[in-house]
Amino acid sequence: GVTHAWRGGLNQKGGTASFTLDAASLDACIVRLRLSVVEARPCVSALVGRLAASGSKTTAASSASRPFAMAGGAAVLTAGLGSMLELSLRLAIGATLIRDSYEFQPTVFHRAASVTTQASLGIGMVWR
């Protein structure tokens, strides 16, 4: 999967911050449990990308980009919706491998959490 997430205009003591995460995730699922049109797959999961942060409305405005990585597990549930459509739900949780912090000196206003979570819902076409 591919992720693009952003959050801007975070007013903090000392300035305003904005964040962007661009990342790719990969799930390795070796077991598939099937019940009628529903499938469940427990997976090993990884997410790797770039976290960009920028500060404005401060005395020393700047931007920085750093790698971001997570390793853990995921659960993927799919349900067939007829012969060619499929609904997919993915939930992932894992350890944040790179834990940066962000500050408007001297105040640290954000520190990467030790656990990263992801959730996605999608619909797609399948050919069998």
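What you see below is based on every heavy atom in this structure, not just the backbone, and it leaves out hydrogens, waters and symmetry mates. Note that the structure is a prediction, hence the values are computed from the model and not measured.
With contacts defined as side-chain heavy-atom distances shorter than 4.5 Å, the pair Val48/Pro67 does not qualify.
Separating the CZ atom in Arg32 from the CZ atom in Arg41 is a distance of 7.0 Å, to the nearest 0.5 Å.
Annotation: salt bridge (Lys or Arg N to Asp or Glu O under 4.0 Å) contacts of Arg7 (sequence neighbours excluded): none. Under the rule for a side chain to side chain donor-acceptor pair (under 3.5 Å), the partners of Arg90 that lie at least two apart in sequence or sit in another chain are Asp27, Ser45, Gln118. Judged as a side chain to side chain donor-acceptor pair (under 3.5 Å), and not counting sequence neighbours, Ser25 has no contacts. Not a single side chain to side chain contact (heavy atoms under 4.5 Å, CB included) links Leu35 to another residue, sequence neighbours left out. For Glu86, the side chain to side chain contact (heavy atoms under 4.5 Å, CB included) partners two or more places apart in sequence, or in a different chain, are Thr78, Val126, Arg128. Residues forming a side chain to side chain contact (heavy atoms under 4.5 Å, CB included) with Arg99 (at least two apart in sequence, or on another chain): Thr96, Arg111, Ala112, Ser114.
Under a 4.5 Å side-chain heavy-atom criterion applied to ILVMFWY residues, the cluster that includes Val44 comprises that residue alone. Here Leu33 sits in one hydrophobic cluster together with Ile30, Val31; the rule is ILVMFWY side chains under 4.5 Å apart, joined directly or through other members. The other residues sharing a hydrophobic cluster with Leu81 are Leu77, Met84, Leu85, Leu87, Leu89, Leu91, Leu121, Ile123, Met125, Trp127, where clustering joins ILVMFWY side chains under 4.5 Å apart. Hydrophobic cluster membership of Val37, counting Ile, Leu, Val, Met, Phe, Trp and Tyr whose side-chain heavy atoms lie under 4.5 Å apart directly or via other members: Val38.
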Compile the donor-acceptor pairs under 3.5 Å between side chains in residues 15-24 and protein atoms, sequence neighbours left out, one pair per line.
unit_1: Thr16; atom_1: OG1; unit_2: Asn11; atom_2: OD1; d: 2.9
unit_1: Asp22; atom_1: OD1; unit_2: His4; atom_2: ND1; d: 2.4
unit_1: Asp22; atom_1: OD2; unit_2: Arg50; atom_2: NH2; d: 3.1

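Considering every non-hydrogen atom in both Phe68 and Ile98, the closest pair reads N-CD1, 4.2 Å.
Note on residues 51-76: pairs passing salt bridge (charged side-chain N to carboxylate O under 4.0 Å, His left out), not counting sequence neighbours, are Arg66-Asp100.
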